[in-house]
Amino acid sequence: MPRDHLQSAERSAAAGRTRPDAGRPTADGAEAPFLELLARGAPAEAYEQPVLLARAEGRPAERVAALERAKLLALRVRSEIEGRRRREAELSALFETAHDLAGLRDLDAVLRAIVQRARSLLGTDVAYLSLNDPARRDTYMRVTEGSVAARFQQLRLGMGEGLGGLVAQTARPYVTDDYFRDDRFQHTHSIDSGVRDEGLVAIVGVPLTLGDHVIGVLFAADRRSRVFEREQIALLGSFAALAAAAIDTANLLAETREALSGLERANEIIQDRSAVIERASDVHDRLAELVLRGGGVHDVAAAVSEVLDGTVQFTEAPAAPAAALESSRAEGHAVRHGDDWIAAVAAGDELLGALVLRGHPGLDPVDQRTLERAAMVTSLLLARRSAAEAEQRVRGELLDDLLDARDGDPRLLRDRATRLRADLDATHAVLAARLESATADADQEADARRRLWAAASHLAATRQGLAAARDGGTVLLLPLGPGDTATDLARRTARELGTAVHEPVTVGASAPVGRLLARPDTVASAYAEARRCLDTLRLLGRAGDGSAAEDFGFLGLLLAGERDIAGFVDRTIGKVVAYDERRGTELLRTLDAYFACGMSPARTKDELHVHVNTVAQRLDRVGRLLGDDWQSPQRALEIQLALRLHRLSGITQPPPAQH
């Protein structure tokens with residue numbers, strides 16, 4: 001109940017007790033001064049003043065007697081109000097302590113708050129809390145408040161010793177008005193010395209219990225003789241119950257954290273094993289993909305290196321450690337050789353080499369099995385590579401003959417193609433492919449070209465086509481599927497070859513050609529067209545892309561050979577490009593629309609959805625940038641060609657300094 005309502009109720013109760021019909025007649029107005037004293041919370045001695053004043057003024061005896069009765073009633077009401085206020089403060093403190101317990105984060109902080117509030121509410125000099133130590137079979141000070149003696153704060157009490165030992169032993173509260181004269185408990189020199197250092201006289205202790213077990217004692221003490229009331233002992237017991245609950249909660253939290261820690265460790269182990277299994281699954285998928293797309297031995301080594309987080313290399317049989325290699329073949333497992341692991345690669349009785357995992361002495365059994373599986377895949381690839389290389393040579397020789405028109409007998413050419421599952425009567429496109437990686441190392445460049453040729457040969461074999469190495473790149477003859485265009489085929493081939501060799505591959509394609517055997521130079525002419533398309537793509541800065549000659553029209557003829565496309569674009573419209581980039585304007589777009597609309601400002605404004613004055617202002621700006629003769633037939637043609645080249649190549653180079 002709020003305090004003002006409580007005071008109102010007390011006043012009403014007091015007034016009711018002084019009514020004549022309550023059997024206690026009083027003189028009119030005798031309670032008024034006492035009600036005023038109650039209202040302002042005056043001390044108890046102030047209630048004598050109205051009676052003393054009446055006597056001093058010589059008031060009638062009846063009036064003095066009425067004031068005496070009113071005084072007694074007022075003091076009783078005051079006592080009840082004070083008691084309720086005290087209980088309200090106690091309940092508030094208990095509520096706050098329970099709130100602290102509900103949000104328990106730091107056990108010491110909660111216990112300190114409990115001890116501080118107990119000391120404050122009981123009005124004692126000192127309050128402290130001790131906990132039992134089962135391991136040492138004694139009790140130690142956990143929290144003190146108001147203590148000034150170091151020896152007292154470090155006391156440890158044996159079970160049954162001192163007042164605290166008695167409380168812990170009996171699980172009942174104990175009170176002493178004078179500690180040193182009380183012989184109900186066992187005095188010891190160490191305990192008495194600590195209590196004497198602190199100067200304590202009156203002490204009350206209540207047990208902290210969890211179930212039937214006493215885990216500690218909560219104390220309140222004064223440095224003078226004092227009688228603790230029953231309500232105060234009960235209040236201290238309530239605080240002790242909250243302290244026990246806080247300790248229990250903290251213990252449960254600690255157990256929970258320990259259990260969670262154990263679960264985390266178990267989870268780490270599970271995750272570690274899962275990671276190993278996942279790595280094995282990953283390498284299995286990678287190896288399967290390599291086999292399906294015709295990958296090589298070095299691709300297998302690279303994939304296993306990444307999965308096993310180490311360096312795996314394929315070594316020819318003569319270069320591998322002989323004893324370890326023979327042991328691995330005999331056992332059928334990878335064997336350790338120093339800090340390395342050796343897995344034999346064999347095909348039947350023939351020892352082809354080994355996969356060597358270097359600098360990885362501690363190998364998980366699952367990872368060891370992964371290395372062994374990779375060795376089996378390597379042996380399969382080596383065996384298949386021999387057959388594939390033979391077929392690739394045959395396919396390459398046939399395409400070389402078609403390109404060079406060496407064998408003019410259509411029947412013989414068709415028979416050779418049929419044995420390779422290629423149909424020379426179908427519609428094909430000739431594609432020229434080239435790697436875009438630049439390296440100064442001749443061996444690395446030769447290896448890259450071999451990988452491109454191998455990937456192209458595999459692609460040709462799966463698509464019933466032909467492939468050959470030529471002019472520093474690769475040429476492919478691939479059939480066109482239903483609804484397929486030469487452009488689609490070129491882009492798809494560039495993407496697939498780039499994925500296979502892990503480097504950008506540019507592909508130019510000829511227009512579709514049929515009846516390849518009708519004229520001896522049919523394939524050669526188509527290859528020349530594909531080469532021009534390839535050169536065009538590279539000149540336009542579209543390395544790694546694929547396109548057909550038909551995509552460029554007459555520009556394909558203009559772009560063939562070594563021409564400075566970027567320089568031409570910059571010289572012709574570079575100032576307009578630079579102006580747009582600096583100002584965020586749309587002069588290039590306006591020029592495109594202007595020429596597309598037959599150089600008509602009226603139609604241009606409809607195309608751009610702007611006012612005709614805007615078109616005029618933009619064209620005026622173009623004239624100031626390009627010169628007054630920019631609309632002359634010769635300049636207009638150059639500008640339109642530069643715009644087309646800029647759009648095709650996506651040239652956005654910054655202009656030279658003179659712009």
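Note that the coordinates shown come from a computational prediction; the quantities given were computed from them, not determined experimentally.
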Requested in this report: Give the C-alpha distance, both sets of side-chain angles, the deciding distance and a yes or no for side-chain contact (heavy atoms from CB on, under 4.5 Å) between R450 and D447.
Outcome: CA-CA 5 Å; R450 282 194 297 270; D447 181 65; 3.7 Å; yes

Query raised in the report: Below 4.0 angstrom, N of the basic side chain to O of the carboxylate: do D471 and R434 qualify?
Result: no

Report task. Decide side-chain contact (heavy atoms from CB on, under 4.5 Å) for I342 and T315; before the verdict, give the C-alpha distance in whole Å, the side-chain angles of both, and the deciding distance to 0.1 Å. Result -> CA-CA 10 Å; I342 309 295; T315 303; over 6 Å; no

Requested in this report: Check whether any side-chain heavy atom of R373 lies under 4.5 Å from a side-chain heavy atom of T370, and answer yes or no.
Outcome: yes

Query - Step-by-step side-chain contact (heavy atoms from CB on, under 4.5 Å) determination, H428 to V523 - result: CA-CA 10 Å; H428 288 70; V523 177; over 6 Å; no

Query raised in the report: Hey, does L516 have a side-chain heavy atom less than 4.5 Å from the side chain of L477?
Result: yes

Requested in this report: Using atom types as modelled and distance alone, determine if a side-chain donor or acceptor of S328 lies under 3.5 Å from a backbone N or O of A324.
Outcome: no

**Report entry** Sole candidate of L478, V475, L420 that passes side-chain contact (heavy atoms from CB on, under 4.5 Å) when paired with L466
**Finding:** L420

Query - For the student: nearest non-hydrogen atoms of A455 and V501, plus distance - result: CB-CG1, 4.1 Å

Report task. To the nearest 0.5 Å, tell me how far R416 CZ sits from L402 CG. Result -> 7.5 Å

Report task. State the CD-CZ distance between E496 and R463, to the nearest 0.5 angstrom. Result -> 4.5 Å

Query raised in the report: Does the side chain of D484 come within less than 4.5 Å of R492's, by heavy atoms?
Result: yes

Report summary line: Shortest non-hydrogen pair, G544 vs E436, comes out as N-CG, 4.0 Å

Report task. Decide, yes or no, whether a salt bridge links E503 with R451 under the criterion of side-chain N to carboxylate O below 4.0 Å. Result -> yes

Query - Spacing of L534 atom CG and L431 atom CG [to the nearest 0.5 Å] - result: 10.5 Å

Query - Heavy-atom pair with the smallest gap, counting every atom of Y140 and R156 - result: CB-NH1, 3.5 Å

Query raised in the report: So, are R589 and D580 salt-bridged, with charged N and O less than 4.0 Å apart?
Result: no

**Report entry** S130 versus T139, closest heavy-atom pair with distance
**Finding:** OG-CG2, 3.2 Å

**Report entry** Contact check, side chains of D425 and R414, non-hydrogen atoms, under 4.5 Å
**Finding:** yes

Query raised in the report: Is there side-chain contact between L480 and T485, with heavy atoms separated by less than 4.5 Å?
Result: no

Query - Spatial distance of atom CG (L517) from atom CG (L424) [nearest 0.5 Å] - result: 5.0 Å

Report task. Apply the test side-chain contact (heavy atoms from CB on, under 4.5 Å) to residues R112 and L129: give CA-CA distance (whole Å), side-chain angles for both, the deciding distance (0.1 Å), then the verdict. Result -> CA-CA 9 Å; R112 280 196 299 270; L129 183 147; over 6 Å; no

Query - S261 and R265 side chains, donor-acceptor separation under 3.5 Å - result: yes

Query raised in the report: Do you know the tightest heavy-atom contact between T427 and P512?
Result: CG2-CB, 3.9 Å

**Report entry** Side-chain touch R491/V507, heavy atoms, less than 4.5 angstrom
**Finding:** no

Report summary line: Looking only at heavy atoms, the pair that brings T487 and A548 closest together is OG1-CB, 3.5 Å

